[in-house]
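See below for the structure under consideration.
Throughout, a chain's letter reflects where its sequence line sits, starting with A, and its residues are numbered from 1. In this text the structure is predicted, and so the values were computed from the model without any measurement.
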Amino acid sequence: MLEIKNLHAGAASKPILRGINLRVRAGEVHAIMGPNGSGKSTLAHVLSGRETYGVTAGEVIYEGKNLLEMSPEERAQEGIFLAFQYPVEIPGVSTTYVLKAALNAVRKHRGLEELDAMDFLALVKEKMKLVEMDQELLNRSINDGFSGGEKKRNEIFQMAVLDPKLAILDETDSGLDIDALKIVAGGVNALRSEERAMIVITHYQRLLNYIVPDFVHVLYDGRIVKSGGKDLAEELEAKGYDWVKEGGKAAPEASA
Amino acid sequence: MNQAVAEKDHYLSVFDRSEQGGAGPPWVRPLRHEAISRFAVLGFPTTKDEEWKYTSVSPILQFPFRPAPPPSEEGAAIAAVERATAIDLPPDRLVFVNGHYAPKLSSVRGVRERLKALSLRDAFGAAPDSLKPHLARYADYRAHAFVALNTAFMVDGAYLHVPVTVVEAYFGAPDTVYFTNGVTEIVAGEGAVVDHYKLVQESDAAFHVATQQARLERNANFVSHLILLGGGLVRNDVNAVLDGEGVECALNGLFLAADDQHVDSHTRIDHVKPHGCSRELYKGILNGKARGVFSGKIYVHKSAPKTDAKQTNKNLLLSEQALIDTKPQLEIHNNDVKCTHGSTIGQLDQDALFYLRARGIGLEEARELLTHAFASEIIRGIKVAAIRDQLDRTVRTSLGNQFRAKERGS
Ligand SMILES: Nc1ncnc2c1ncn2[C@@H]1O[C@H](COP(=O)(O)OP(=O)(O)OP(=O)(O)O)[C@@H](O)[C@H]1O
Ligand SMILES: [Mg+2]
């Protein structure tokens with residue numbers, strides 16, 4: 001579904017991603033871990049088309065197409081969803097309004113008719129249950145004055161409504177209390193399917209107890225320095241990042 | 001002879017030829033004469049005049065306008081306007097075509113008997129004495145050329161006595177060149193509650209210069225909403241004098257300008273008596289090569305301790321060529337007051353734009369959505385649901401036209 005080859009990207013002439021290789025197939029869940037500032041969010045944003053970041057080398061193929069040529073909205077319409085680490089507050093626009101516009105844009109792209117008000121409401125009601133989302137929140141300005149946990153829940157709720165093929169969750173667990181974490185993880189798990197792939201960015205093994213990944217990658221200083229199964233997360237939790245830094249330094253030599 | 005002088009002479013000679021037939025009781029005649037003599041002295045303002053620094057009236061002087069005659073067929077005129085706008089006419093209304101009262105299009109069933117709503121012409125006949133202490137007593141034709149011009153040439157108008165909510169709306173057939181020169185005088189007596197709305201959706205080739213002058217007495221509550229959407233050159237002044245203790249006054253404004261439009265919005269709030277509270281929020285949205293001006297003055301007189309005044313002006317620039325001049329001013333002559341003001345100029349929030357696009361919403365639609373959200377702060381402040389919904393639709397339509405026109409053009 002997604003193939004990232006030797007991806008280099010940066011912002012304001014500062015290199016951030018320095019040769020990412022990653023292959024994600026339908027149905028798989030990949031976890032990406034790594035210390036602060038290692039480039040996890042940058043990778044998520046580059047995959048979603050954020051223009052702030054310039055790609056300096058490499059390529060990304062999504063479903064056989066050159067992803068890097070597409071606008072952010074085209075990528076979303078083609079089924080890529082980013083759950084933001086920091087969901088943006090937009091005063092004056094409700095979540096319901098955004099979702100309706102988004103859903104109709106996606107449907108239009110797929111050659112489907114716009115959803116009428118009744119069907120839209122029914123869909124929203126169904127997905128609200130998934131993450132125990134409060135109706136009152138949906139009518140408020142999106143993310144505006146939401147608590148940290150409410151924002152994250154809102155992201156997963158939107159994902160559920162938009163039904164993406166590839167979901168990228170950027171630290172969806174941070175800021176969640178233990179009950180909310182279980183609810184959100186439950187929602188994510190309910191959305192796992194053979195057709196859908198997920199990239200789950202997190203700092204904590206805790207989340208991966210609930211959303212069990214097929215693969216775990218460690219991002220360090222703009223490169224994936226270690227990949228493994230779900231056990232890798234436990235090992236990281238026990239040994240810390242110093243342990244992979246050694247590997248991080250070894251990697252360029254190995255590839256040189 | 002320069003154009004300003006030539007045009008001034010043009011209006012003076014039109015006055016000489018038309019004044020004899022001017023409507024109204026005997027006391028109106030000297031008023032007109034005084035107004036035209038003041039106009040003769042003042043002449044048209046120039047950009048050297050501080051109050052007209054950013055707005056040149058020379059485009060208006062290109063055309064020798066005359067007072068517009070009543071339309072031969074009211075229906076045709078209004079149909080043209082209805083086609084151009086998305087307005088549902090309210091049940092009680094005074095409709096003016098070319099500035100002349102159009103009785104067939106108007107409807108004042110419920111209110112007429114109680115002398116609440118009349119055309120000025122009818123009021124001249126029915127209640128000349130109740131008009132006399134008010135007409136042209138608040139908006140100062142001695143100081144302002146356009147007010148003087150309006151006073152000299154007034155043939156008709158609306159006279160409303162003790163209304164609670166008033167909507168003034170201006171429309172014109174698209175692409176026609178004309179000049180609206182309006183004056184609204186509002187007196188809110190002791191404890192009165194007045195909600196005033198003004199919507200300007202003139203043709204993009206038209207000129208609109210107008211003043212709303214409000215005198216607010218003890219414990220009055222006055223809210224003014226100004227929505228400027230259309231017009232080639234628009235200059236609007238809202239002035240409120242808090243001339244009694246405990247007055248509450250709110251001025252809200254929204255202007256939307258695109259292409260070559262020039263929209264200049266002036267406000268002035270005079271706190272004359274103690275314990276007055278004023279809140280002002282003006283928002284401007286500029287696209288294309290449009291030029292906007294906000295100039296807001298809060299003047300706290302020495303006689304107005306315990307004044308509480310807050311003024312905010314926020315502007316959104318949607319294109320690189322659009323320009324806004326903003327001039328918030330506080331002038332305070334009493335120490336025992338609470339006053340703040342602030343103004344901002346910004347572009348659309350890039351993070352918000354990306355957030356919406358990452359959900360699949362196209363760039364232009366996302367921009368439109370965020371622009372509407374910016375405008376909606378003003379719309380949401382409208383208490384009357386029917387007016388709020390109508391104005392929201394109108395603003396949405398206007399924004400939609402702008403963004404779609406841009407898409408077609410690019
Ligand atoms: N727009 C930008 N301009 C300049 N530098 C940037 C920009 N965005 C990110 N960076 C820098 O790139 C590096 C990687 O940032 P990124 O947000 O991708 O890290 P992260 O792995 O997601 O960190 P965290 O775990 O703290 O969320 C950081 O040093 C950051 O300061
Ligand atoms: Mg991050």
Looking at the rings of A:F84 and B:F354, which for Trp means the six-membered one, are their centres under 6.0 Å apart?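 Yes, ring centres under 6.0 Å apart.
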
Counting C-beta onward and ignoring hydrogens, is there a side-chain heavy-atom pair between A:R50 and B:Q350 closer than 4.5 Å? yes

State, yes or no, whether a side-chain contact exists between B:I361 and A:E73 at a heavy-atom distance under 4.5 Å.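 They are not in contact (no side-chain heavy atoms under 4.5 Å apart), so the answer is no.
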
Taking A:V106, A:T52, A:L82 one by one, which has the highest count of heavy-atom pairs under 4.5 Å against chain B?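 Maximum pair count with chain B is reached by A:L82.
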
List the atom of [X], the atom of [Y], and the distance in Å for their closest heavy-atom pair.
X	Y	answer
A:N143	B:Y355	ND2-OH, 3.3 Å
B:A358	A:A76	O-CB, 3.4 Å
A:A105	B:G360	CB-O, 3.1 Å
A:P91	B:A373	O-CB, 3.4 Å

Spatial distance of atom [atom1] ([X]) from atom [atom2] ([Y]) [nearest 0.5 Å]:
X	Y	atom1	atom2	answer
A:S141	B:R380	OG	CZ	5.5 Å
B:R359	A:L103	CZ	CG	12.5 Å
A:E51	B:L353	CD	CG	8.5 Å

Which residues in residues 249-262 of chain B have a heavy atom less than 4.5 Å from any heavy atom of chain A? none

Around atom [atom1] of [X], are there more than 12 heavy atoms from other residues, nucleotides or ligands closer than 6.0 Å?
X	atom1	answer
A:F120	CZ	yes
B:K289	NZ	no
B:K327	NZ	yes

Applying a strict 4.5 Å limit to non-hydrogen atoms, the region of B:L370 in contact with chain A is side chain

Does any backbone or side-chain atom of A:N104 lie under 4.5 Å from a heavy atom of chain B? Answer side chain, backbone, both or neither. neither

Do we see a donor-acceptor contact under 3.5 Å between the side chains of A:Y86 and B:D351? no

Verdict with supporting geometry, A:I90 and B:L356, side chain to side chain contact (heavy atoms under 4.5 Å, CB included): CA-CA 10 Å; A:I90 312 180; B:L356 295 174; 4.0 Å; yes

Should the pair A:E74-B:R357 be classified as a salt bridge under the 4.0 Å nitrogen-to-oxygen rule? no

